[in-house]
Amino acid sequence: MRIMFVYESMARWGGIERIWTDKMNCLVRDYGVEVCLVTTIQGSHKAPYSLDSRVKWHDLGIQFHYSYRYRGLRKIYDQLKRRISFRRKLRQEIKTFNPDIISCVAVRYVPTIMKLKGEIPVIVESHGNCITTYHSNANKIVQFFERKMLYSAIKKADKLVALTKGDANEWKKFNDNVVTIPNIAHLNDSGRYSTTSGKHVIFVGRLATQKGLPQLLDIWDIVHSQHSDWTLDVYGEGEMEEWLRSQDSFKDNNIVLHRPTSDIMERYIDSSIFVITSDYESFGLVITEAMSCGLPVVAFDCPYGPREIITDGKDGFLVKPNDCKGFAERICWLIEHPEERVKLGQAAVKSSQRYCSKNIMPKWIELYKSCHSRS
């Protein structure tokens with residue numbers, strides 16, 4: 001079986017990059033699948049995670065974002081030129097590799113893929129939420145037609161894979177062939193776990209609006225006022241980094257900002273509580289990572305990931321969205337009850353195993369085989 005994966009780039013320390021790397025490595029290593037990864041804007045960026053040498057990787061060098069250097073008609077012309085180049089180069093990649101299945105996570109590429117695929121089955125992976133899938137800076141008329149074209153193409157996909165049942169229900173409005181397969185979690189396999197005795201709370205994620213950073217600071221204001229000897233370690237990078245550093249509460253409340261690291265499991269193990277303050281999540285890969293290291297998790301009960309991973313009161317806590325006071329109370333309760341913190345952390349390790357490769361990959365293999373048999 002030959003599977004082609006189409007994405008923008010493997011350049012960020014992000015969840016999709018981690019998941020696809022693990023999945024492609026597993027396919028070539030454990031299942032003998034021929035895998036081709038096609039990216040469009042990788043450029044000279046190095047992949048943050050190690051990709052098996054048996055994965056064929058071709059970057060088309062389209063660099064769509066370069067169009068934003070221009071304005072007006074020149075911008076429109078440049079965008080059109082790059083779209084034509086993308087179509088031509090992708091058509092050649094499909095012809096050369098001759099895949100049995102094409103899988104795509106960058107939904108804006110789906111209309112082009114559907115036009116080029118011929119009889120090849122296409123799987124669209126939703127690694128965001130259906131309700132937040134389409135983003136555009138174009139005017140309202142252009143947005144209307146682009147959105148219509150996008151969802152028309154998605155409707156024709158052979159399968160659409162959602163990470164949670166909640167998101168799957170949203171996607172069923174646009175595609176009748178929706179299945180739910182959770183992410184393969186990159187779990188702690190060191191045999192060592194957090195003792196939850198260190199006075200460290202950890203946050204890991206992109207420094208972006210979605211991640212609820214203003215709420216995180218408000219929450220920590222409350223926690224720090226009661227437990228000033230505890231530290232909040234923030235691991236991430238993104239467009240809100242400068243804003244975060246400029247806030248008085250960031251400077252004064254024992255918060256430390258760290259760059260992303262490939263050694264994140266060790267940082268989890270050194271910590272005692274994991275927090276995630278997102279407005280929405282497609283899944284929440286960092287939740288499973290932290291749980292596998294023995295950390296109880298406190299999260300907003302946002303759409304849709306946390307509620308399908310965390311069992312409230314057993315391996316962590318779910319808090320009503322935007323209830324910063326309630327969120328802080330849960331952190332303080334964990335700080336003040338070390339024995340319960342250990343108990344929830346131990347339960348979290350067991351819960352995280354639901355998302356290990358041996359439990360999730362067979363679901364993907366079954367899906368691939370079902371698509372292949374119909375092609």
Side-chain angles (χ1 to χ4, degrees), residues 1-9 16 20 23-24 33-42 56 58-65 67 79-136 138 141-163 167-168 170-181 282 364 367-375:
M1 188 186 303
R2 295 184 299 277
I3 303 177
M4 174 179 283
F5 291 87
V6 182
Y7 188 42
E8 296 168 339
S9 72
I16 296 175
W20 265 33
K23 186 190 299 182
M24 289 185 287
V33 175
E34 292 183 56
V35 173
C36 176
L37 169 63
V38 176
T39 53
T40 60
I41 60 172
Q42 186 72 26
K56 300 177 177 69
H58 301 281
D59 183 61
L60 304 184
I62 306 299
Q63 307 297 349
F64 284 107
H65 54 288
S67 296
Q79 289 176 329
L80 179 61
K81 184 173 65 173
R82 292 180 190 279
R83 289 176 183 176
I84 293 172
S85 178
F86 171 55
R87 185 178 302 178
R88 175 177 55 81
K89 291 183 178 182
L90 183 60
R91 179 187 289 113
Q92 184 58 48
E93 290 292 339
I94 294 173
K95 181 179 179 181
T96 301
F97 186 64
N98 189 25
D100 297 306
I101 296 167
I102 299 174
S103 187
C104 178
V105 69
V107 292
R108 68 188 179 120
Y109 297 163
V110 174
T112 300
I113 292 171
M114 297 305 295
K115 292 177 182 177
L116 300 178
K117 76 180 189 72
E119 298 300 318
I120 303 170
V122 171
I123 297 172
V124 177
E125 297 185 33
S126 172
H127 285 263
N129 280 336
C130 176
I131 57 177
T132 59
T133 290
Y134 180 82
H135 297 281
S136 174
I141 296 175
V142 174
Q143 283 187 41
F144 173 81
F145 285 105
E146 286 185 344
R147 187 182 291 110
K148 187 176 181 63
M149 182 175 64
L150 171 63
Y151 286 113
S152 176
I154 287 174
K155 185 176 182 179
K156 298 174 184 176
D158 295 84
K159 290 289 182 182
L160 192 145
V161 180
L163 302 178
D167 195 38
E170 294 290 339
W171 278 114
K172 286 176 182 177
K173 301 173 185 176
F174 305 99
N175 189 299
D176 296 328
N177 300 308
V178 179
V179 296
T180 304
I181 303 179
S282 58
W364 280 105
L367 176 63
Y368 293 144
K369 286 181 177 178
S370 69
C371 290
H372 189 206
S373 65
R374 298 200 312 270
S375 60

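Values in this document were obtained by computation on a predicted structure and should not be read as measured data. Positions are given from 1, in the same order as the sequence printed here.
Atoms CZ and NE2, from Arg2 and His372 in turn, are 7.5 Å apart once rounded to the nearest 0.5 Å. Note that CD1 of Ile94 and CD1 of Ile113 are 7.0 Å apart. Values are rounded to the nearest 0.5 Å. The line from OG of Ser9 to CG of Leu37 is 10.0 Å long, rounded to the nearest 0.5 Å. Taken to the nearest 0.5 Å, the CE atom of Met1 stands 7.0 Å off from the NZ atom of Lys369. With rounding to the nearest 0.5 angstrom, the CD1 atom of Ile123 is 4.0 Å from the CG atom of Leu367. Rounded to the nearest 0.5 Å, atoms OG1 (Thr40) and CD (Gln63) are 7.5 Å apart.
Here the side chains of Lys159 and Pro121 are not in contact, with every heavy-atom distance at 4.5 Å or above. Side chains of Phe97 and Glu34 form a contact here, defined as non-hydrogen atoms less than 4.5 Å apart. At least one side-chain heavy atom of Ser85 sits less than 4.5 Å from a side-chain heavy atom of Arg88. Counting heavy atoms from C-beta on, the side chains of Trp364 and Val161 come closer than 4.5 Å. Side-chain atoms of His58 and Gln92, non-hydrogen and from C-beta on, never get closer than 4.5 Å to each other. Looking only at side-chain heavy atoms (C-beta outward), Met114 and Val122 come within less than 4.5 Å of each other.
Ala168 approaches Thr180 most closely through the heavy-atom pair CB-OG1, 3.3 Å. Pro111 approaches Ala153 most closely through the heavy-atom pair CA-CB, 3.6 Å. Minimum interatomic distance between Glu8 and Thr39 (heavy atoms only, all atoms of both residues): O-CB, 3.4 Å. Listed here is the closest heavy atom pair of Leu150 and Val107: CD1-O, 3.0 Å. Here the closest non-hydrogen pair linking Glu125 and Val105 is O-CG2, 3.4 Å. Closest heavy-atom contact between Asp59 and Gln42: OD1-N, 3.0 Å.
Within 6.0 Å of CZ on Arg87 lie no more than 12 heavy atoms contributed by other residues, nucleotides or ligands.
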Side chain to side chain contact (heavy atoms under 4.5 Å, CB included) between Asp158 and Asn177, worked out: CA-CA 7 Å; Asp158 295 84; Asn177 300 308; over 6 Å; no
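Between the side chain of Ser282 and the backbone N or O of His127 there is at least one donor-acceptor pair closer than 3.5 Å. Judged purely by atom type and a 3.5 angstrom limit, Asn175 uses its side chain to pair as donor or acceptor with the backbone of Ala157. Checking side-chain atoms of Asp167 against main-chain N and O of Cys130 turns up a donor-acceptor pair under 3.5 Å.
A perpendicular orientation is assigned to the rings of Phe5 and Trp20, their planes being inclined by more than 60° (bins at 30° and 60°). Using a 30° and 60° split on the angle between ring planes, Phe64 and Phe86 fall in the perpendicular class, above 60°.
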